[in-house]
Amino acid sequence: MQIGPPVVDFIVLCGFLGSGKTTLLVDLLKQESLKDTAVIVNEAGEIGLDGALIADAGDASSTMLLSNGCVCCSLRSSLVITVAELLDAPRPLGAPPLRRVILETSGISRPGPILASLADPALSTRNLRVCVVSTYDASQDNLHEDNFEEAAAQLTAAQRIVVTKSDLLNDEALKDAEHRAQALNPLARIVSGRDRQILVSEALISQDASSGGSDRSDLLDMTVRALSLYKPEAAHARIHVMRASIVEAIDWEDFSSWLDDLAGVCGESLLRVKALVHVEDCEDPILVQSVGTTYGMPRRMPQHRQSPNIIVVITRDLNAEDLASQLPHPYVNLQSLIAPSERKFGVPASSRLFTQRSTHAKS
Ligand SMILES: Nc1nc2c(ncn2[C@@H]2O[C@H](COP(=O)(O)OP(=O)(O)OP(=O)(O)O)[C@@H](O)[C@H]2O)c(=O)[nH]1
C-alpha cells in the first residue's frame, strides 16, 4: 500500500554548453508520447530558444521556462516555487497523473545547489525521486580549462552519463570517449550507442534513470561493476577517484565527523562521495552520498547487511596523499583508486577495491 503522494521522477539534465542536452530532450519528446511528463528549461540568457524548441517538439504536459539566470544560483527559489506549482497544478483534461519532471539546466549550472533546492521543506514531502543525468560530448574535451569546474561538477554528480555526438566518431574513438567518461565518475552508468532511439530513452526515461541507483537492491553490484570498468589510463589528470577503508570499527558520530572534515578540507574541490558503511551503533549499514559538499540524508540499508564497506570519494586537484596529510584520522584511510604502479598497467582487480567489514573493536 502506498503511503503519501505518488513518486515523481525528477531528472536533472545537465552537461556543459553545447554538449547536446536540448537535442537529447527534443529527440525524446519527438519519439515518445509523454503526457505524464513536465519539462522545465533553465537558460542563463533571456532569449529562451531551447524552451521554444522543446515546447514545439512534443506533447509533454507542460513546459516551463526559468530564464535570465542560473538555476543553481540566482533562480534557486524560483525552481522550488515552479516545481511546487507543477506538482499542485490540476492535470490537463484527459492527461494521466504527473510521473516525471525533466529539468534541463543551463550549461553552466552545478548540480549540488540544485539538489539542495530540491530538498527544500516545500518539496521534501513531495516524494520526488531525483536522478542527475549529464551529457558528455564524445567529440571534444569536456573538461577544457575554461569550463573545467562546472563540467567536472556536472559529470561527477551524474548517476548516468550520456555520451553524445557519437555519430562524429569511429568505433575506437567512441570507446575511448566512453572510458574517459567512466574514469571521471566510476559511480555513473555510461549510456552510449549509435541507436539514437535507444540512447534517448535509456538516458531519460528508463526505470534505471529514474531510480538513480540509490535505492536499488543491486546497488552493490552496480558499484562493483562500475569500479571494475574503471580504466586508470583514461583518468583525467585533475580528477582524483579514491576509495576509503575503515581501519577499525567506527561509530556513526566518528564517521559523520570524518565526512564533515572531508567537506571542510576539500571545500569546492569535493565533487562526490558515495559510502555504504557499517557502524557500531546501527545494525544496518548506512548509505550516505554527497554531490559537491552537500550531503543527502543518510539512509539505513538493511538489504545490504552482508556487504563490505564501500566508500568512494571524487575530488578535483586534491589527491589521496594531499588529503591524508590534511585529514589525519585513526579509523578511516583514503587511497587513490590508481596506485602509481597501476597507472600504466590496466584495471585494478575489483576485489581490491573494497574493504572487508571490520571485525575489530575500537580500543
Ligand atoms: N552531430 C551531432 N551533433 C549534435 C548532437 N547532439 C547535439 N548536436 C549539435 O550540437 C549543438 C549543441 O546542441 P544542443 O542540444 O543545443 O546542446 P545543449 O547542451 O543544449 O547546449 P546549451 O543549451 O548551449 O547548453 C547543436 O548544433 C546540435 O545540433 C549529436 O548527437 N550529433
Side-chain angles (χ1 to χ4, degrees), residues 11-32 34 37 39-58 60 63-75 79 101-111 113-114 131-144 146-158 160-178 180-181 184-185 188 190-205 209:
I11 295 168
V12 181
L13 174 59
C14 54
F16 207 71
L17 295 166
S19 59
K21 301 177 294 296
T22 307
T23 309
L24 195 70
L25 196 45
V26 166
D27 286 357
L28 174 75
L29 294 170
K30 281 184 183 157
Q31 84 184 32
E32 306 268 348
L34 293 179
T37 299
V39 174
I40 305 172
V41 182
N42 171 225
E43 293 186 61
E46 296 178 30
I47 299 178
L49 187 61
D50 290 351
L53 286 172
I54 288 162
D56 276 356
T63 303
M64 302 177 88
L65 193 60
L66 287 170
S67 59
N68 207 15
C70 172
V71 77
C72 83
C73 31
S74 60
L75 296 181
L79 174 65
V101 178
I102 303 176
L103 166 66
E104 182 192 341
T105 65
S106 82
I108 52 171
S109 301
R110 293 174 193 231
I114 297 173
C131 175
V132 178
V133 175
S134 181
T135 44
Y136 180 92
D137 182 341
S139 68
Q140 58 174 294
D141 174 11
N142 286 255
L143 298 185
H144 188 270
D146 294 344
N147 59 25
F148 178 79
E149 291 177 10
E150 291 84 0
Q154 293 163 354
L155 289 160
T156 54
R160 293 200 148 192
I161 295 178
V162 186
V163 178
T164 57
K165 309 195 188 179
S166 55
D167 53 303
L168 301 177
L169 275 67
N170 65 26
D171 286 350
E172 193 184 345
L174 179 58
K175 264 279 160 262
D176 285 349
E178 290 165 5
R180 284 198 306 279
L184 286 172
N185 180 357
I190 304 300
V191 178
S192 179
R194 298 195 186 281
D195 184 323
R196 186 76 186 168
Q197 208 169 342
I198 294 176
L199 181 94
V200 163
S201 65
E202 281 207 355
L204 295 172
I205 60 170

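Both ligands and their constituent atoms are indexed starting at 1 by order of listing. Residues: numbered from 1 along the sequence shown.
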message: If I apply the N/O under 3.5 Å rule, does G15 come out as touching ligand 1?
response: no
- prompt: Looking at K21, which atoms of ligand 1 are within less than 4.0 Å of one of its heavy atoms?
  reply: 15 (O), 17 (O), 18 (P), 19 (O), 20 (O), 21 (O), 22 (P), 25 (O)
field: From R194, K165, R196 - option closest to atom 11 (C) of ligand 1 by heavy atom
entry: K165
task: Would you check if L143 and D141 make a side-chain contact, meaning some heavy-atom pair closer than 4.5 Å?
output: yes
field: F16: numbered ligand 1 atoms lying under 4.0 Å from its heavy atoms
entry: 19 (O)
- prompt: Could a heavy atom of S19 be found less than 4.0 Å from some atom of ligand 1?
  reply: yes
message: If you take the nearest heavy atom of each of T23, V163, T22, which one is closest to atom 29 (O) of ligand 1?
response: T23
query: Should D167 be counted as touching ligand 1, given the test is an N or O pair under 3.5 Å?
result: yes
- prompt: Does the side chain of L79 come within less than 4.5 Å of L103's, by heavy atoms?
  reply: yes
message: Could you tell me, atom by atom, which parts of ligand 1 come under 4.0 Å of a heavy atom of E104?
response: 20 (O)
task: With the side chain counted from C-beta on, respond yes when I108 and N147 share a heavy-atom pair under 4.5 Å apart, and no when they do not.
output: no
field: Contacts of type salt bridge (Lys or Arg N to Asp or Glu O under 4.0 Å), residue D171, not counting sequence neighbours
entry: R194
- request: Could you list the residues that satisfy salt bridge (Lys or Arg N to Asp or Glu O under 4.0 Å) with E178, not counting sequence neighbours?
  value: K175
- prompt: Can you check whether L168 has an N/O within less than 3.5 Å of an N/O in ligand 1?
  reply: no
query: Roughly how far apart are L174 CG and K165 NZ, rounded to 0.5 Å?
result: 14.0 Å
message: Taking the side chain as everything from C-beta on, heavy atoms only, tell me whether E150 gets closer than 4.5 Å to S109.
response: no
